[in-house]
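The structure appears below as structure tokens.
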Amino acid sequence: MTTSGLTFSPIPLPPSANPKYFTEFGRKVDGFDPSQMTESQKQEIIDNLYKHSVLLFKNTKITPEQQYELTHSFDPAADTYGHGNNKTGSTKSSILHPDLKTIPRQPQVQLIGNGKVPGEYEGLDSPQLKHPHHKTFHKTPVSEEDEDKGITRFYRWHIDAALYNLSPPKVTSLWAVKVPQGHTQICRYDDGTGDELPVPLGTTAFVSGKNMFDILSPELQSLAVRTKVRYAPHPYVWMSKAHALPTGLGIENEGLELDLEELPEWEESKIKTFPVCWKNPVTGSLHIQVHPCGAHQLLIDPLHPNATKANALYPDGAHITDLTKVREILYTLQRPGIAPELVYPQDWEEGDLVLFHNRGLLHSVVGAFKEDQLRMFHQCNLAASDDPIGPNDQDVKQYA
């Protein structure tokens with residue numbers, strides 16, 4: 001136990017996870033009461049989240065106000081929900097529209113889940129919730145026959161971020177209010193590898209961006225530290241007609257993205273260009289943090305002048321605007337990091353509160369619910385007061 005009364009212990013791993021990749025990833029926190037949070041506890045939680053990426057608090061009761069306060073403590077200058085307060089209602093063509101309901105008295109907190117909530121709930125009149133299903137987004141969904149046998153997919157690997165105008169939230173908090181119980185499902189990658197993963201019903205799957213970087217070959221690490229991603233303007237509207245790969249890790253090349261002229265009005269100055277690798281503010285580690293679905297162009301710096309060019313990829317740098325090539329490069333950097341042994345699937349129970357470092361990992365919704373299965377979560381993240389920092393000169397020297 002620490003001086004503040006909190007205890008941090010390794011998060012329980014499923015048999016599918018390889019423990020060697022999880023020595024630092026994930027901590028279970030005991031002794032926390034959101035209504036009695038002290039300043040020293042707050043600091044400890046912040047520090048530990050950056051070190052361990054995911055913090056799990058069991059049997060928690062937390063009000064929307066307390067959840068906002070806890071989330072806000074990671075970025076006191078931030079105030080609006082990660083996609084803009086209540087924006088989701090008006091941007092009907094955005095692919096995020098159906099999934100969020102704003103809690104009126106604390107608009108940075110969203111109610112998400114599945115099924116119709118009976119009666120009034122937190123100021124919402126029997127809201128209808130919808131768990132995203134991969135068949136609405138993937139080009140080739142799982143057959144109904146397979147689905148009946150419990151086969152499912154990763155819906156979409158992502159970072160919680162608007163990727164246009166607003167900066168990516170530092171942390172997301174998820175509190176499980178109502179969790180339907182059900183059989184374990186099998187999440188299939190369906191990409192020719194034969195990869196699959198047993199998952200609890202309706203799990204949230206997490207992978208470490210640090211692992212994603214660390215397992216790459218030196219040539220790919222060199223490319224990763226030299227590359228920046230330019231995202232499309234209004235990316236969720238831009239990709240609204242496109243379909244995802246069966247792994248949920250990016251978009252199929254079908255040419256279904258909207259032309260930039262068809263998008264809501266946008267400004268060059270609000271377009272976001274982020275490094276592929278984001279530097280952890282506490283540990284200094286590099287995490288591969290790319291939302292592959294919204295990626296539009298790549299800007300690759302040339303190698304360090306003293307570096308050897310043997311085997312180097314794009315040694316002279318490049319500006320890649322061909323979407324197929326952009327996606328191919330990102331997939332090469334990211335697909336190794338979602339291998340089954342690197343995935344932490346959270347086995348949700350009612351009262352679980354999970355904080356995750358949104359700038360240090362990728363996550364995905366998984367699984368499918370029937371219409372009458374009621375699932376309720378409170379989600380909070382705040383558009384950050386600054387943009388993520390990329391590799392420094394020392395990192396570039398080391399890897400490129």
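Throughout, numbering of the chain's residues begins at 1 and tracks the sequence. Values in this document were obtained by computation on a predicted structure and should not be read as measured data.
A distance below 6.0 Å separates the ring centres of Phe213 and Tyr399. With ring centers used as reference points, Tyr164 lies 6.0 Å or more from His291.
Here Arg27 does not pair with Asp47 in a salt bridge; the nearest charged N to carboxylate O distance is not below 4.0 Å. Using a 4.0 Å cut-off between charged nitrogen and carboxylate oxygen, Lys170 and Asp386 count as a salt-bridge pair. Ion pairing between a basic and an acidic side chain is recognised when a charged N comes within 4.0 Å of a carboxylate O; Glu147 and Lys370 show no such pairing. A salt bridge is defined here as a Lys NZ or Arg NE, NH1 or NH2 lying under 4.0 Å from an Asp or Glu carboxylate O, and Arg327 with Glu252 fails to meet this definition.
His138 places a side-chain N or O within donor-acceptor distance of the main-chain N or O of Phe154, the cut-off being under 3.5 Å. Between the side chain of Gln67 and the backbone N or O of Ser173, at least one donor-acceptor pair lies under 3.5 Å. No donor-acceptor pair closer than 3.5 Å links the side chain of Asp259 to the backbone N or O of Glu261. Lys116 places a side-chain N or O within 3.5 Å of a backbone atom of Ser126 that can act as its donor or acceptor partner. In this structure, the side chain of His158 engages the main chain of His363 through a donor-acceptor pair within 3.5 Å. At distances below 3.5 Å, not a single donor-acceptor pair connects side-chain atoms of Asp30 with backbone N or O atoms of Thr7. Listed for the Thr60 side chain is no donor-acceptor partner under 3.5 Å among the backbone atoms of Asp352. No donor-acceptor distance shorter than 3.5 angstrom exists from the side chain of Gln289 to the backbone of Ile159, with no hydrogens or angles considered. Judged by distance alone, the side chain of Arg153 and the main-chain N or O of Gly248 form no donor-acceptor pair under 3.5 Å. Panel note: side chain Gln106, backbone Ile103; no donor-acceptor pair is recorded below 3.5 Å.
Nearest heavy-atom pair, Pro169 versus Arg359, reported as atom, atom and distance to 0.1 Å: O-CG, 3.5 Å. The minimum heavy-atom distance between Gly390 and Pro275, with the atom names listed, is CA-CG, 3.5 Å. Nearest heavy atoms, Pro233 versus Trp238: O-CB, 3.9 Å. Counting all heavy atoms, side chain and backbone alike, Ile251 lies closest to Ala242 at CG2-CB, 3.7 Å. What you find for Pro180 and Leu201 is that their closest heavy atoms are O-CD2, 4.0 Å. When every heavy atom of Arg226 is checked against every heavy atom of Tyr314, the shortest pair comes out as NH1-O, 2.9 Å.
Taken to the nearest 0.5 Å, the CD1 atom of Ile329 stands 8.5 Å off from the CG atom of Leu313. Rounding to the nearest 0.5 Å places CD of Gln128 at 8.0 Å from CG of Asn114. Atoms CG and CZ, from Leu55 and Phe8 in turn, are 6.0 Å apart once rounded to the nearest 0.5 Å.
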key: Asp146 and Ile186: CA distance, side-chain angles, deciding distance, side chain to side chain contact (heavy atoms under 4.5 Å, CB included) verdict   = CA-CA 10 Å; Asp146 277 353; Ile186 297 291; over 6 Å; no
request  = Go through the steps to decide whether Tyr344 and His52 satisfy the test ring-ring contact (aromatic ring centres under 6.0 Å, His included), and finish with yes or no.
outcome  = CA-CA 13 Å; Tyr344 170 70; His52 305 299; over 10 Å; no
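A donor-acceptor contact closer than 3.5 angstrom is absent between the side chains of Thr247 and Asp191.
No more than 12 heavy atoms of other residues, nucleotides or ligands lie within 6.0 Å of NZ in Lys397, so this atom counts as exposed by the packing criterion.
Test Gln108, Gln110, Gln379 against Tyr81 for side chain to side chain donor-acceptor pair (under 3.5 Å) and you get one pass: Gln379.
Residues passing the side chain to side chain donor-acceptor pair (under 3.5 Å) test with His287 are Asn280, sequence neighbours excluded.
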